[in-house]
Structure formats: structure tokens, C-alpha cells
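Note sheet for the following structure.
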Amino acid sequence: MKSMKLVLSVAAASMLFVAGDHVARADGYGPAGCGLGAMLIGSKPGITQIFAATTNGIFGNQTFGISSGTLGCAAPPSPGVASAKNYVETNRQSFAKDVARGQGETIANLSQLAGCADQSAVAAKLQANFKTVFPTASATDTQVSNATVNLLKTDASLKCSKLI
Amino acid sequence: MTLTELCRPGRLGLVVLLAAGSSAACATRVVSISREHLVPTAQAAEVAYVDELIAASRRLALSARPEWHKLLHYQSTWSGGVESEADGPSFFLAASGKASPRAELEATLRGLFASVAPDAPRDVQHPICQFPARLRWLSRELHIDAERLPHPVCQRYDEFRSIVDAASVTLVFSSYYLNNPASAFGHTFLLVNSRKSETDHERELLDYAINFSATADTDNAVAYAVKGIFGAFPGEFSKVPYYLQVRKYNDFESRDLWLYSLALTPDEIEMLVAHIWELGSTWFDYYYMTENCSYHILGALEAAVPRVSFVERTRIPVTPADTVKIVTGTPGLVTHVSFRPAIRAQVAERVRGLDRGERDLTNALADDPGTPWPAKLPLERRVKVLDAAADVVDMHFAKELPFDLGGPGAQRKQHLLERRAELAVRSAELRVPVPEDKRPDRGHGTRRVGVAGGISVTGDPTLGLNARLTLHDLGDPANGYPDHAALEFLPIAARIVFGADRVRAQLDDAQFVRIVSLSPQTAFEHKVSWKVQAGAVHVDDSGCHLCTAARLSGGGGAALATSGGGLLGWVMTDVQAVSARGLRGVGDAPIRLGVGPSAGLRARLSRDASLLFAGEWIWLPLQPTLASYQVTGGLRWRFTPALALSITGAYQNAGLDGQLGMFVYY
């Protein structure tokens with residue numbers, strides 16, 4: 001079977017044609033927060049993206065790719081500050097739109113991770129404070145996530161129980 | 001992808017490198033091998049019990065059971081034996097376990113009762129913790145007394161189980177992505193729906209995906225390609241937050257996700273989680289064409305659900321859509337199909353609700369976020385326009401935004417969102433209608449064979465045969481595939497020409513690969529359309545009479561489509577290199593280099609019928625034949641799910657020919 005596969009693979013090889021996305025780099029993500037940019041392979045779009053894949057950051061840190069996954073950015077195992085921040089950083093582009101629109105899935109998820117009582121109150125609060133959370137286009141992912149968590153934490157009426 | 005990128009010498013030089021590349025060493029990972037750190041039980045009673053279990057397993061011939069073979073991923077070899085596809089040695093408790101189901105089963109039984117050596121490396125797990133799915137199955141079949149088993153603390157496995165908190169499982173298909181050959185055929189992974197998200201669907205993003213992918217150990221594109229084809233990358237299962245998958249596929253690559261909810265019993269779900277854990281301690285050599293992401297997702301599923309047999313129904317190459325069809329083709333297995341729209345589909349839905357002036361305004365805002373409001377635009381329309389404009393910016397700058405904080409895309413988005421937040425009202429939730437006709441399981445069969453009768457340029461009768469390994473061309477039925485793309489792997493067409501004086505065979509077309517990626521220009525998107533193919537063609541002109549020539553060609557240009565998609569047209573500039581023995585080309589060398597315009601038009605008469613016209617004129621400067629040209633036209637009509645009628649005609653340097661034939665999709 002292997003030799004037949006090999007023959008077919010060679011025939012296939014005039015182009016690299018692949019079913020599926022498949023290649024993740026073993027060295028995980030960079031040190032600067034848990035933003036999508038750090039999670040995706042390669043710092044620039046281009047040829048590396050052809051091979052870019054599901055990055056998960058779990059490999060490299062651990063012997064077993066699938067094991068606990070509590071390290072780093074890849075996992076929000078339970079609600080709390082760390083998982084809320086991770087979530088905001090990875091989902092930043094979508095989150096920014098949801099904040100401006102006062103509604104959306106990322107706000108619902110953030111409310112869950114932060115343990116907030118009422119997600120529409122959270123949405124309204126974030127929308128009213130868009131410029132606090134996203135002061136400039138070049139604010140780093142970490143600045144955005146810190147500002148978000150601080151905003152929710154300091155408003156007692158939101159009752160974000162997991163941020164204490 | 002631009003043509004230049006596709007034609008990078010590094011990638012096309014691959015063919016040459018393949019011969020040399022076979023020495024690429026297998027990447028290995030540093031993993032402790034459990035069996036080297038186990039101490040067999042010394043207690044006489046336990047030894048006797050294990051012997052009893054082994055005797056029972058022999059009596060029941062458990063090691064020959066399909067369930068065991070699926071759990072260990074054994075597949076038949078050509079020599080008549082079996083071999084596990086798992087390549088990480090820690091997956092086997094018997095040294096001969098990769099090829100011996102019985103040795104592995106008996107070593108597993110012994111291992112369950114063994115203990116881990118006190119000086120074992122930290123990553124070594126007790127077999128009860130490492131192989132929870134084997135334990136479940138063996139316990140059931142042999143009625144193993146749980147009281148007599150050791151009780152190791154399985155902290156990592158318990159954590160894994162509680163984190164994924166599985167209530168149900170969904171097979172996810174990430175749609176075709178032609179701008180990235182690595183995922184042109186799509187991708188599949190599993191979504192484990194947690195108990196919490198079962199009751200609260202808004203939590204879905206917080207669930208985990210189980211993904212199989214190759215882990216590369218090099219940045220060199222050529223090395224990537226060579227190693228990938230020869231199975232030198234280890235492919236591994238990993239769990240990834242689903243939101244990361246959504247950001248990557250929906251947003252970054254603008255690919256729709258299709259979700260197929262699976263009807264698994266609680267016991268099967270438990271078994272699947274247990275088996276995924278087992279797979280975490282091994283790897284599989286990754287073969288792009290066969291043992292790829294979708295293949296192993298099926299393998300993991302059927303190990304946990306042995307009542308189904310998926311893997312034996314796969315074909316080469318294993319395409320993700322075919323694996324989806326295998327699953328949907330199992331009666332009662334898929335309970336529900338849903339869809340998560342990519343950013344492009346979101347933009348389309350948002351602008352659908354806008355009038356002409358609002359669309360223009362959306363465009364203006366996406367270019368210049370400071371564009372002032374026209375007089376008398378009500379607040380709720382401003383909201384809609386700004387929401388659309390922000391999505392347009394996200395679509396345009398998808399590849400830059402995550403990397404280029406403060407770049408032009410980020411600046412525009414920031415400005416638009418500031419304006420949007422100032423309006424201080426809530427947007428309505430965007431609901432994108434499910435494009436049922438694009439469900440990947442609704443597509444025609446990916447393989448195609450055909451037979452045709454016709455007339456050659458010399459007026460002689462012809463009998464044509466054609467075949468294609470996979471996947472779809474612009475004339476094929478529309479359902480289940482991208483509307484504006486062709487992706488064909490190993491299409492071949494040949495004819496026997498019954499001439500008056502002799503009968504001859506003619507190879508018309510044989511390509512390794514042919515891709516056409518058309519991106520119709522819209523008010524909101526101006527992408528380049530491109531095509532590329534590599535293979536052999538028939539050449540018959542003054543520079544080469546009845547030749548079979550190797551040809552590499554490509555082109556770039558623009559496409560337009562009517563709003564309903566009924567008409568699709570494109571214009572490109574093509575380049576090509578052609579070579580054949582006896583061909584008189586550049587400086588009398590057997591190589592022809594040409595450049596020239598090409599164009600095409602497709603008219604969809606229905607989902608299953610279309611007219612397709614294409615033409616090209618290639619200038620061959622400083623060559624004996626100054627130009628080659630070709631105009632083709634045809635009708636294709638699928639009249640049953642598997643059968644289509646095809647009429648084609650072609651006019652080229654040598655004259656006019658035509659064929660009438662049938663295609664079978666399977």
C-alpha cells in the first residue's frame with residue numbers, strides 16, 4: 001500500500017496539492033500576548049501561509065499534543081481573568097466590531113468567561129467606552145485585553161464575578 | 001494567490017527535487033516509550049488473572065475483531081498482514097505491536113496490571129491512563145473486574161475529559177480555499193460540543209475542536225513540499241479552541257464552515273474522547289494525498305464508533321468533501337447540518353440589505369472612513385452602512401489586520417468603529433441564510449469518466465475516452481462546489497482517430513493539475529482571477545504535426561458575473577511554455593514560449609446544465625509558427641445524479657473537430 005501511495009504521490013507532485021490544511025509549525029506562538037497574529041504561522045502573509053495551518057501552540061510546549069492544554073493561549077479551560085484576556089486577544093478583530101455594534105457572539109462569550117450577570121449590560125458598557133478599550137489602531141492585543149477586563153471589573157453593576 | 005506566487009521557482013522546481021528528496025529523513029519526536037518503563041505485576045494472583053484474561057481473549061479471538069483493529073488503526077498490507085498507521089512507538093505496548101494485533105492486545109492486558117517504574121520520565125502514563133478506550137473495550141468484552149485493576153491517578157486525562165466536557169460531536173468541513181493550494185480541497189475537523197453549549201448555543205465558540213495536522217519542522221518551502229508528499233512530517237491530533245478555528249477559517253481565510261451534527265450515543269462519545277486521548281500520545285506520518293487530515297478524522301471516529309466503517313470507503317486521493325459524503329451517507333448518523341458564514345458571505349448579506357446609494361456610501365467609507373454623512377440618512381441606515389463598511393475592511397485586510405496593528409487597514413477599521421460606537425445603538429444580529437445548494441455533501445461525485453464519439457479535424461470518426469481523478473470544473477453541476485472555480489487533479493482525455501489509411505491514438509489532454517480561480521469583480525471586491533495547469537496537450541500546427549507536448553501554462557486577469565451568477569465571463573493574459581520532440585520553437589530548440597490573451601464565458605442554464613465557451617490566441621515571437629489559437633465551446637447537462645451529456649467543439653490551427661459524449665460522476 002505504501003509503495004502505491006508513493007507512486008501516486010510522485011504523480012501528484014507537479015504541484016503541492018493537498019487535501020486539507022496540514023502543517024503547523026512546532027514552535028508555537030510568540031511571546032507577545034495571545035493575538036491571532038501570534039497564533040497564525042509566519043509573521044507575514046505569503047508563501048508561508050500556503051503551508052500555514054492550524055496553529056495550536058499546544059505542541060512544542062508539551063510532550064503530548066493533546067494533553068492538558070492549560071498552558072499558554074490556546075485554552076480557556078475555566079472562566080477567569082486569564083481566559084477572558086486570552087479570548088479578547090485572539091478574537092480581537094471580531095470583538096472590536098462587536099463592541100462598536102453593541103452586540104455579538106464575542107461579547108456573549110466574554111461575559112461568560114468573566115462571569116458577568118447580564119451580557120447586554122456588558123455590551124452597552126463596552127460600546128459606550130469603545131475608545132477606552134480601543135484607544136488607537138496600534139494598541140497592542142494585550143493593551144486591549146487589559147483595558148477590557150479593567151472596564152468590566154471596575155463597574156460593580158455588571159457583576160462580573162469571575163474577574164475578582 | 002497571484003500568478004507570480006504560484007510560479008515561484010522553488011515550488012515548480014519541486015519535480016526535479018522529488019527524485020533527490022526521497023532521502024528526506026523521517027521526523028521523529030522525543031517521546032518516552034511507555035513499554036520501556038513498565039514493571040509487570042509480580043503478585044501471583046494478578047499474574048494468574050492476567051493469564052486468564054489473555055486465555056479468554058484468545059478463545060474469543062478478540063485480536064481479530066474489527067473493533068480492536070480500528071482502535072489500533074491496523075490496515076491490511078500487501079503482504080497479507082496488517083500494520084498500524086500509527087507511527088509513534090509509544091502507541092504500542094508490545095515491541096511488535098505495530099504489526100501484531102494479538103501481541104499488542106496481550107501486552108495491553110499485561111500493561112493494564114503493570115505499574116510505572118518509579119524512575120520513569122514524567123510523560124510516561126500508566127496504560128490505564130494512556131489507553132482509556134482500549135480499557136473500555138477490553139473491559140466490556142472480557143468483563144475485567146475493575147476492582148482488581150490498579151487505580152493510578154490519571155490527572156492529565158481527567159483534566160482533558162473535564163475540559164472538553166463532551167455532550168455531542170460535530171464534523172466540521174472548512175470549505176475550498178483555492179488561494180491556498182494546501183487547502184484547496186477543504187479541510188475537516190471535529191467539534192466537541194460541551195455540555196454547557198448544548199443548553200446555551202452562544203457558548204459554541206468556547207468549545208474545543210479536535211484537529212489532525214502535520215507538524216512541520218522546517219521553514220523551507222521546498223523542504224515542506226517534499227517532506228509532505230513523502231510522509232516525512234508527523235501528523236498529530238490536537239485540541240484547539242473552536243474560536244481559533246473560526247477566526248482562522250471564517251475571518252482570516254474567508255472560508256465557510258459546514259457543521260454536521262453526529263448522532264452518537266453517550267457511550268460512543270465517551271469512547272471517542274477516550275480514543276482521541278490515546279491518539280494524543282502518538283503521531284501518524286502525514287501523506288498529503290492519502291493519510292491526511294480528513295482520513296484520520298474518519299479513523300478516529302470509527303475507532304470510537306465501530307458500528308460504522310468509514311476508512312475502508314475512502315479513495316485516493318482522500319478529499320475532505322468525500323469524507324463528509326461518507327459520513328452523511330451513513331443512514332441516521334447526521335442529525336443536523338448548519339453553517340457558519342465566512343466574512344465574504346457576511347459582507348454579501350450586509351450589502352444585500354442596502355440600496356444603491358448606501359452601497360456607494362459603504363464603499364466610500366471603507367476607503368475613507370471620514371466620508372461625511374449625506375443629508376437625511378436616518379440613524380438606523382447609518383448603522384447598517386457602517387456595519388457593512390467595517391466588514392468590507394475586514395474582508396479586504398483579512399491577511400494584514402492580525403499582523404499589522406496600526407497599518408492602513410487597522411486605521412480605517414478603527415476610525416469606522418469609533419464612528420459606529422458613537423451612534424450608541426445596538427445592531428441587529430446578522431443572519432445569513434444557509435446556502436443549502438453549497439453543502440459539500442450535495443456535490444457531484446468527484447471522480448469522472450467519459451466516452452465520446454466525434455469527428456476529427458480531418459473529418460475522420462473518433463472515439464474518445466476521458467477520466468479525471470478529482471474534483472470539479474467550470475462546466476460541472478453547480479451544487480456543492482465553489483461557483484467560480486475549477487480544480488482538477490489528473491484529468492486525461494484521449495481519442496482514437498479512425499483515419500482512411502490508418503487508425504491512430506491521440507492524447508488530447510493530460511494534466512497533473514488544472515486550477516481556474518475566478519473572482520468576479522464586485523463593488524466591494526476587486527480580486528485577480530488566475531489559472532494554471534501543468535501536463536501534456538495535443539499540438540497540431542506548422543511547428544509540430546500531431547505532437548504530444550508537455551505544457552506549463554498560466555494566466556491572470558479579471559472576471560465578471562451577473563448578480564444571479566447565470567453568466568460568468570473572464571479575460572486573462574496567458575503565458576505558456578510548450579515542449580515536444582520534433583517541435584520547432586525558439587531558435588529551433590524544441591521549446592515554444594508564448595504569450596497572449598484568453599477569454600471565456602459560462603452560461604448556467606440550470607444547476608445541472610451549462611454552456612461553456614473559451615478561446616485563446618498565443619503569440620509565439622521569433623518562432624517558426626507565429627501564433628497558435630483555439631476556440632472551444634460546449635454544452636454539459638447532467639440529467640441523472642451520476643450521468644451527464646456533453647457536446648464539445650473546438651476550432652484551432654489544424655481545423656474544426658467535435659465530440660458528443662457522456663460523463664459518469666462517481
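Side chains included, hydrogens not; waters and symmetry mates left out as well; all remaining heavy atoms used. Here is the naming used below: chain letters follow the sequence lines, and residue numbers restart at 1 for every chain. From a predicted model like this one, the values you see are computed outputs, not experimental measurements.
- Heavy-atom distances place no part of A/A128 under 4.5 Å from chain B, backbone and side chain included.
- No other option in B/D165, B/L416, B/V383, B/V425 has as many heavy-atom pairs under 4.5 Å with chain A as B/V425.
- For the pair A/Q93/B/K413, a side-chain contact is recorded, criterion being any heavy-atom separation below 4.5 Å from C-beta on.
- Interface check for chain B: of the options A/G104, A/A137, A/A108, A/G102, the most heavy-atom pairs under 4.5 Å are formed by A/A137.
- Between A/L110 atom CG and B/L205 atom CG the span is 12.0 Å, to the nearest 0.5 Å.
- With a 4.5 Å cut-off on non-hydrogen atoms, B/I343 touches chain A through its side chain but not through its backbone.
- The most heavy-atom pairs under 4.5 Å with chain B, out of A/A124, A/S94, A/A123, come from A/S94.
- Judged by distance alone, the side chains of B/K196 and A/Q112 never bring a donor and an acceptor atom under 3.5 Å apart.
- With respect to chain A, the highest number of heavy-atom pairs below 4.5 Å among B/R419, B/R247, B/E429 belongs to B/R247.
- A heavy-atom distance below 4.5 Å is found between the side chains of A/F130 and B/L417.
- Within the 4.5 angstrom heavy-atom criterion, atoms from both the backbone and the side chain of A/K97 approach chain B.
- Here the straight-line distance linking atom CG of A/N91 with atom CG of B/D251 works out to 8.5 Å at 0.5 Å rounding.
- If you take CG on B/L405 and CD on A/Q143, they are separated by 9.5 Å, rounding to the nearest 0.5 Å.
- Note: B/Q414 leads B/Q414, B/R412, B/E202 in heavy-atom pairs under 4.5 Å with chain A.
- Between B/E418 and A/K131 there is a side-chain heavy-atom pair separated by less than 4.5 Å.
- Heavy-atom distances place both the backbone and the side chain of B/D387 under 4.5 Å from chain A.
- Contact annotation for A/S120: both backbone and side-chain heavy atoms come within less than 4.5 Å of a heavy atom of chain B.
- Interface remark: B/A321 contributes no atoms to any contact with chain A (heavy atom separation under 4.5 Å).
- Chain A forms the most heavy-atom pairs under 4.5 Å with one residue out of B/Q155, B/Q411, B/Q75, B/R203, and that residue is B/R203.
- Between the CG atom in A/N109 and the OH atom in B/Y243 there is a gap of 9.5 Å [rounded to 0.5 Å].
- Annotation: maximal heavy-atom pairing with chain A below 4.5 Å, among B/D391, B/L386, B/L423, B/D404, occurs at B/D391.
- Rounding to the nearest 0.5 angstrom, the gap separating the CD atom in A/E105 from the CG atom in B/L206 is 8.5 Å.
- Residue B/R426 is tested with A/R101, A/Q127, A/Q103 for a side-chain contact (heavy atoms from CB on, under 4.5 Å); the sole match is A/Q103.
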